[in-house]
2 protein chains.
Amino acid sequence: MKRVSIGEVTKATAIKAVTIRYYEKIGLFPPPARTGSNYRAYTTDHLRQLRFIRRCRDLGFTLDQVRELLRLSSQKNSECSNVDRLTARHLTNVEQKISDLEKLAGELRHLSKCCKGGGIIADCRILQALAPGEAAP
Amino acid sequence: MKRVSIGEVTKATAIKAVTIRYYEKIGLFPPPARTGSNYRAYTTDHLRQLRFIRRCRDLGFTLDQVRELLRLSSQKNSECSNVDRLTARHLTNVEQKISDLEKLAGELRHLSKCCKGGGIIADCRILQALAPGEAAP
DNA sequence: AATAAGGCCTATAGTGACTATAGAGTCAAG
DNA sequence: CTTGACTCTATAGTCACTATAGGCCTTATT
């Protein structure tokens with residue numbers, strides 16, 4: 001079967017070589033065979049897995065979650081509800097994070113509004129607002 | 001003047017003692033005096049600074065940005081436009097992150113929708129969707 | 001055949017912002 | 001006097017990489 005170098009994998013998956021080696025080191029996917037000169041030689045199976053990993057990471061899953069998804073996806077006959085649950089939980093996290101960030105953006109916008117332009121630090125409204133419990137005189 | 005222990009500071013600022021010591025170690029704020037038994041003894045100035053830091057962190061500024069804000073806020077007579085710029089840039093980052101996460105949440109919701117309940121892994125739409133370029137048969 | 005460029009190898013250390021752990025000294029109350 | 005809560009230092013671990021150093025392999029050019 002055809003085997004490719006780590007550089008080819010990088011081109012095909014957009015995962016950097018160092019990262020691929022790192023994934024191998026932490027046991028995220030099985031290590032590939034080596035050539036006579038000790039170069040890694042990947043199969044199309046590796047490529048498939050690494051694309052899967054890349055996609056999961058793009059979607060914000062942690063490496064532990066990816067590990068779990070890989071494990072689950074290898075058990076072809078077991079129930080798929082675990083996958084659904086994992087995805088749903090992750091979605092909840094992401095939604096929480098969005099709402100946190102939106103609150104935060106609101107506060108930052110508020111800060112930005114009150115200090116437009118050319119005062120001096122001593123009168124800076126932003127800094128005053130950042131110092132809690134210290135009302136402006 | 002009155003000085004308080006690290007425990008008091010923790011209560012007053014909601015920053016953990018270890019974190020306060022960590023901030024001290026990386027030089028984020030001046031180290032406090034010590035008691036005879038080598039305990040840290042904080043002034044109200046320290047308290048003010050640490051509350052400031054806490055607030056900045058809550059707003060998502062990095063420690064480097066906090067460092068800069070502290071530096072700026074100590075120069076009472078210089079211009080405040082730098083503070084404004086820093087805040088604005090941070091806001092832009094936050095807004096970018098929100099939009100990234102929203103796109104991501106959309107994809108996750110899409111995933112979640114297509115796999116509700118009780119199939120087996122071999123047919124799992126989520127896993128199929130996570131494997132790019134491998135269309136379902 | 002020598003050389004230079006580029007790809008690949010390993011191992012180690014660094015990032016940010018903490019968190020956890022171990023082992024020891026200090027203080028107040030009972 | 002002992003218990004328990006608090007404090008101290010130093011070190012290592014977390015996550016998901018990124019950077020660096022130093023050396024081998026391959027290919028193309030001279």
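Predicted, not measured: the structure shown is a model, and the values here were computed from it.
Remark: A:R34 is not in phosphate contact with D:dC24, judged by side-chain N or O atoms under 4.0 Å from OP1 or OP2. Taking side-chain N and O atoms only, B:T62 has no distance below 4.0 Å to OP1 or OP2 of C:dG16. The shortest distance between the side-chain N/O atoms of A:K16 and the OP1/OP2 oxygens of D:dC17 is not below 4.0 Å. Proximity of B:T19 to the phosphate of C:dT19: a side-chain N or O atom is located under 4.0 Å from OP1 or OP2. Within the structure, a side-chain polar atom (N or O) of B:R40 is placed less than 4.0 Å from OP1 or OP2 of D:dC8.
Note: OH (B:Y39) to C1' (C:dG25) measures 7 Å, nearest angstrom. Distance A:F61 CZ to D:dA16 P: 13 Å, rounded to the nearest Å. In this structure, A:F29 places its CZ atom 16 Å from P of D:dA16, rounding to the nearest Å. Look at NZ on A:K25: it is 11 Å from P on C:dA13, rounded to the nearest Å. Atom C1' of nucleotide D:dA10 and atom CD of B:E24 are separated by 14 Å, given to the nearest angstrom. When rounded to the nearest whole Å, the span between CD1 of A:I20 and C1' of D:dC17 equals 13 Å. If you measure from atom CG of A:D64 to atom C1' of D:dA16, you get 11 Å, rounded to the nearest angstrom. Rounding to whole angstrom units, CG of residue B:N38 and C1' of C:dC27 are separated by 15 Å.
B:I26 comes within 4.0 angstrom of nothing in the nucleic acid, heavy atoms only.
Taking only side-chain atoms of A:R21, from C-beta outward, the nucleotide of C:dC8, D:dA16, C:dA17 with the closest atom is C:dC8. Among D:dA16, D:dC8, D:dC25, the nucleotide with an atom closest to any side-chain atom of A:R57 is D:dA16. Of the candidate nucleotides D:dT7, C:dT10, C:dC18, C:dC18 has the atom lying nearest to any side-chain atom of B:Y23. Of the candidate nucleotides C:dC18, C:dC9, C:dT19, C:dC18 has the atom lying nearest to any side-chain atom of B:L63. For B:S37, counting side-chain heavy atoms from C-beta on, the closest listed nucleotide (D:dC8, C:dC27, C:dT10) is C:dC27. Listed nucleotides C:dC9, D:dC8, D:dT18 differ in distance to B:I6; the shortest reach to its side chain belongs to D:dC8.
Relative orientation of the B:H90 and B:F61 rings is tilted, given thresholds of 30° and 60° on the angle between their planes.
We find that A:E107 and B:R55 are joined by a salt bridge, their nearest charged nitrogen and carboxylate oxygen being less than 4.0 Å apart. The residues A:R21 and A:E24 are annotated as not salt-bridged, no charged nitrogen and carboxylate oxygen being separated by less than 4.0 angstrom. Checked for salt-bridge contact, A:D64 and A:R67 meet the test: a charged N lies under 4.0 Å from a carboxylate O. Ionic pairing of B:R109 and A:E95 is present here: one or more N-O contacts between side-chain nitrogen and carboxylate oxygen are shorter than 4.0 angstrom.
Rounding to the nearest 0.5 Å places CG of A:L70 at 10.0 Å from CZ of A:F29.
Of the N and O atoms on the side chains of B:D45 and B:Q49, not one donor lies less than 3.5 Å from an acceptor on the other residue.
Taking 3.5 Å as the limit, the base of C:dG16 and the side chain of B:Y22 contain no donor-acceptor pair of atoms between them.
By the side chain to side chain donor-acceptor pair (under 3.5 Å) test, B:E8 pairs with no residue at all, sequence neighbours left out.
One axis for each end of the helix from C:dA1-D:dT30 to C:dG30-D:dC1, each built from five base pairs, and the angle between them comes to 20° at 10° resolution.
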